[in-house]
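Comments concern the structure below.
Each ligand, and each atom within it, is numbered from 1 in the order the structure gives.
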Amino acid sequence: MAAQETDDHKYVYDFSEGNKELKDLLGGKGANLAEMTNLGLPVPPGFTITTEACQAYLATGREPDGLAGQIEEHLQSLEREMGKRLGDPQDPLLVSVRSGAKFSMPGMMETVLNVGLNDQSVVGLAAQAGQNDRFAWDSYRRLIQMFGKTVCEVPGEEFEHALDEIKSAKGTHNDLDLDANDLRGLVDAYKKIFAKHTGREFPQQPREQLDLAIRAVFESWNAERAVLYRRQERIPADLGTAVNVVTMVFGNLGPDSGTGVAFTRDPGSGAQGIYGDYLANAQGEDVVAGIRNTVPLQELEQLDKSSYDELLSIMARLEEHYRDLCDIEFTIERGKLWMLQTRVGKRTAAAAFVIAGQLVDEGLIDLDEALHRVNGAQLAQLMFPRFQLDHEFEAVATGIGASPGAASGTVVFTSARAVELAAEGESVILVRRETNPDDLNGMIAAKGILTSRGGKTSHAAVVARGMGKTCVSGADEIEVNVPAKRFTVAGHTVDEGDVVSIDGTTGKVYLGEVPVMPSEVVQYFEGSLDAEHVDNPLVRAVHRIMTHADAQRRLAVRTNADTGADAARARRFGAEGIGLCRTEHMFLGDRRELVERLILARDADERETALAALLPLQRADFMEIFREMDGLPVTVRLIDPPLHEFLPPLEQLAVNVAVAQERGEDVAKEEALLAAVRRMHEENPMLGLRGVRLGLVIPGLFAMQVRAIAEAAVAVVRAGGVACPEIMVPLVGAVQELETVRAEAEKIIAEVVGDSGVEVLIGTMIEVPRAALTAGQIAEAAEFFSFGTNDLTQMGWGFSRDDVEGAFFWRYLELGIFGISPFESIDRDGVGRLVRIAAEEGRAARPGLKLGVCGEHGGDPDSVHFFHSVGLDYVSCSPFRVPVARLEAGRAAVETDGSDSR
Ligand code: ADP
Ligand code: MG
Ligand code: MG
């Protein structure tokens with residue numbers, strides 16, 4: 001029975017049997033060829049071998065049972081339909097064998113054209129084409145070339161070399177100047193190359209050609225470059241590719257034939273219009289290979305008006321059908337148009353917004369769908385300043401856009417030099433073959449990082465993204481010579497001290513300093529561009545889609561801000577409150593002195609004096625923020641870091657003391673500080689005396705902060721304003737800690753607030769795993785939880801963030817232990833589970849418990865979807881990320897199927 005089933009399993013689909021929804025099975029190319037066939041568009045007949053067949057082949061090393069028979073059946077019916085037979089010496093059917101996976105992997109896998117030609121059928125083909133010998137031999141030489149390279153791994157240069165030789169013997173650069181005889185000679189040369197490399201003659205049996213080509217496409221799934229590409233793009237490794245067998249149509253039959261590519265809109269800007277390239281008398285691969293110069297598609301109108309008109313009407317039809325920008329490949333054979341491929345086209349971030357907006361205007365999609373079609377990563381890209389690339393600048397190399405931004409600076413080749421020049425105030429670009437943990441200081445000092453090796457998960461890429469620093473990695477046209485302090489690229493030599501510019505979004509590298517222009521999208525968010533009036537399609541589209549996202553989202557978006565200025569900026573970006581106001585900066589600068597006094601206090605009196613001096617300063621800070629937020633909630637975190645962070649470093653103090661002693665000065669204070677620093681030294685400060693522990697150990701510290709918050713709120717209210725303070729206790733692991741702090745705080749609040757009407761909530765961060773696991777108990781003493789997912793990730797994984805990112809994360813990413821740093825995007829399975837448990841048990845214990853998140857994950861697109869699904873009330877992130885979080889929260893709300901689309 002089981003064997004029966006495998007035999008019957010359908011591995012081959014005629015184009016008339018598929019449709020665009022079957023991408024998993026038929027690959028993108030196959031599914032869309034089927035869709036176009038069923039729309040009645042002119043697609044050359046053919047069939048698709050499924051990804052399942054490929055998976056079976058890759059698993060077992062042989063074609064699954066039944067596949068050969070099904071291919072034979074479909075081939076026969078194709079022969080009947082075309083009235084030609086594969087390998088017929090008089091009138092041969094020729095086919096192409098084309099790869100096509102679920103996700104497009106441009107240039108990664110292979111295609112063989114003109115399968116079915118051999119020494120006999122080439123003559124028949126010429127006769128059928130009206131004694132066009134040139135065409136037939138050109139087609140045959142292409143087959144041997146592509147088949148040799150793709151199927152038998154013959155080095156492609158050898159074929160190109162032979163072609164160049166014939167051309168130069170003829171004194172021409174143009175392959176069109178080669179006549180039938182030249183091409184016949186080329187076929188002989190190619191066959192020799194083939195035999196030399198494979199130890200066998202070029203296969204003359206068409207069916208053998210076909211089977212070998214199919215197998216080669218299966219195997220190209222695991223070619224090194226394809227594996228690498230998938231890893232970078234996070235495409236699963238087990239999908240396999242489909243194989244399309246398509247009747248050949250010929251663009252190389254003469255001047256009334258040709259081939260081209262087109263987009264239904266500009267994939268760069270989203271503007272409507274006709275964008276494409278056309279090449280007369282050529283086969284498809286010539287357009288990409290750049291063998292001859294293509295002409296703009298518009299010129300086809302002069303060459304072949306009726307094909308051009310038909311193409312335009314098909315393009316309009318496809319757009320309407322797919323309701324999106326499509327890109328297409330087509331061929332014209334003696335005035336007859338054929339469609340060879342279509343798909344929803346890739347586009348830039350700006351085009352994504354503009355097109356989504358246009359399609360809404362055209363009534364093709366609704367606003368929910370428009371929201372679904374853009375994403376936070378694209379919006380973030382649009383918020384970086386851009387290079388202004390009007391004229392003279394041309395990229396000398398293109399690598400991987402590993403960390404976005406536009407950076408110009410002086411080239412340096414070592415970390416030490418980067419640090420040196422940066423200290424002198426220069427912008428530097430650190431150029432390395434690849435970086436390693438020793439380059440960390442240089443990377444911190446540099447404005448941007450450029451490497452010639454490595455992909456999106458290389459050390460350079462991972463660390464740069466973590467630092468928010470512009471990085472282009474893997475620009476392999478660049479030859480880096482560190483000892484000589486220079487690199488060469490495209491005939492240029494760049495020495496240390498020269499200036500280059502790198503674009504971390506596009507991966508492009510420019511010589512010299514490219515001027516930078518601010519982002520219009522940021523100008524819009526900041527209110528200096530009015531979307532209703534500006535004639536800028538991008539700003540209008542962003543405005544429209546953001547407005548819809550705001551209307552749809554369930555998550556509120558707050559910001560992390562410590563100053564009135566940050567708070568104001570974040571409000572312009574749409575923040576609806578402050579989710580994390582850190583109080584530690586309020587202890588820095590000229591206030592350090594007071595903190596030192598607090599730490600050095602010998603008795604309660606001295607301590608209270610120090611705290612009393614801090615109180616009015618803190619109160620003023622909070623008043624400024626409350627005024628700025630004007631009634632929106634403000635979550636203030638009580639002091640969190642270990643106090644010794646506010647003292648000078650041990651070495652510096654030791655030197656100061658020694659020098660002062662030498663000079664015979666009074667060193668009593670320095671010595672006391674030194675002693676304090678020694679006493680307070682911690683082996684693991686991350687896990688030491690910090691957060692709530694400080695509040696429980698240093699009498700009066702939290703009390704002073706609570707009083708400052710309450711007094712500030714009362715002062716603002718008495719002056720006619722509104723203030724909604726929320727006091728947040730950090731690093732709680734046990735409810736008893738919170739209860740102790742709470743009892744003291746409530747007393748102070750009651751005393752300060754009096755009849756002012758001010759309400760102060762008290763809650764806690766959930767950032768210690770134990771807190772998440774005992775959330776039911778902790779909720780009894782908390783009016784809100786705010787997930788501190790940075791610490792929760794550190795403690796959940798046992799990673800010290802500062803140590804691990806530079807040291808070994810690149811290796812973990814390379815090995816696929818995680819697909820993305822858990823500090824960048826929340827680890828749903830582990831840390832996310834802690835969040836879920838705490839949310840559920842917290843709400844069970846206290847219905848209506850307010851839940852938010854204030855780690856950096858609050859501005860990460862994928863994490864926002866997760867927090868939406870867990871049912872949090874808000875996310876909080878840095879001001880710049882607020883628009884991204886708003887957009888993604890809106891997307892999460894309209895994506896009812898629960899799938900996250902990145
Ligand atoms: P890729 O995925 O790399 O674009 P394709 O399978 O689309 O590879 O094929 C490469 C080129 O050959 C394309 O330009 C395509 O249009 C052309 N081509 C493929 N099949 C045929 C065919 N049956 N007749 C004519 N040209 C073809
Ligand atoms: Mg293609
Ligand atoms: Mg923390």
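- The shortest N/O to N/O separation between Thr331 and ligand 1 does not fall below 3.5 Å.
- Contact annotation for Met248 and ligand 1: heavy atoms of both the backbone and the side chain come within less than 4.0 Å of the ligand.
- Ligand-side atoms of ligand 1 in range of Leu113: 12 (O), 18 (N), 19 (C), 20 (N), 21 (C), 27 (C), range being under 4.0 angstrom from any heavy atom.
- Interatomic distance, Asp211 CG to Glu72 CD, rounded to the nearest 0.5 Å: 9.0 Å.
- Heavy-atom proximity to Val249, at under 4.0 Å, picks out these atoms of ligand 1: 24 (N), 25 (C).
- Annotation: cation-pi pair Lys196/Phe194 absent, no NZ/CZ under 6.0 Å from the ring centroid and within 45° of its normal.
- Where the criterion is an N or O separation shorter than 3.5 Å, residue side chain and backbone included, Pro44 fails it with respect to ligand 1.
- For the pair Val243 and Val97, the minimum side-chain heavy-atom distance is below 4.5 Å.
- Glu110 does not count as a contact of ligand 1, since none of its heavy atoms falls under 4.0 Å from the ligand.
- Closest approach of Arg230 to Ala237, counting heavy atoms only: NE-CA, 3.9 Å.
- Taking a cutoff of 4.0 Å between a charged side-chain nitrogen and a carboxylate oxygen, Arg347 and Asp327 do not qualify as a salt bridge.
- In the candidate list Leu340, Thr111, Val245, Leu340 is nearest to atom 26 (N) of ligand 1, counting heavy atoms.
- Distances shorter than 2.8 Å separate the Mg ion (ligand 2) from the protein N/O/S atoms Glu329 OE1, Glu329 OE2, Gln341 OE1.
- Of the listed options Glu329, Gln283, Met105, Glu329 places a heavy atom closest to atom 15 (C) of ligand 1.
- Look at Glu110 and Lys149 and you find no salt bridge, because none of the NZ, NE, NH1 or NH2 atoms lies under 4.0 Å from a carboxylate O.
- The two residues Ala126 and Asp133 come nearest to each other via the heavy atoms CB-OD1, 3.2 Å.
- The shortest heavy-atom distance from Gln341 to ligand 1 is under 4.0 Å.
- Under the 6.0 Å cut-off for aromatic ring centres, Tyr11 and His9 qualify, their centroids lying closer than that.
- For ligand 1, the atoms closer than 4.0 angstrom to any heavy atom of Val246 are 23 (N).
- Checked against a 6.0 Å centroid threshold, the rings of Phe15 and Phe47 do not count as neighbours.
- The ligand atoms of ligand 1 that sit less than 4.0 angstrom from a heavy atom of Ser96 are 19 (C), 20 (N), 21 (C), 22 (C), 23 (N).
- Of all the atoms in ligand 1, the ones that sit under 4.0 Å from a non-hydrogen atom of Lys29 are 1 (P), 2 (O), 5 (P), 6 (O), 7 (O), 8 (O).
- For Arg141 and Asp182, the salt-bridge test fails: no basic side-chain N is under 4.0 Å from an acidic carboxylate O.
- With respect to Lys508 and Asp503, no salt bridge is recorded, no charged nitrogen being found less than 4.0 Å from a carboxylate O.
- Asn32 and Tyr322 form a side-chain donor-acceptor contact under 3.5 Å, judged by distance and modelled atom types alone.
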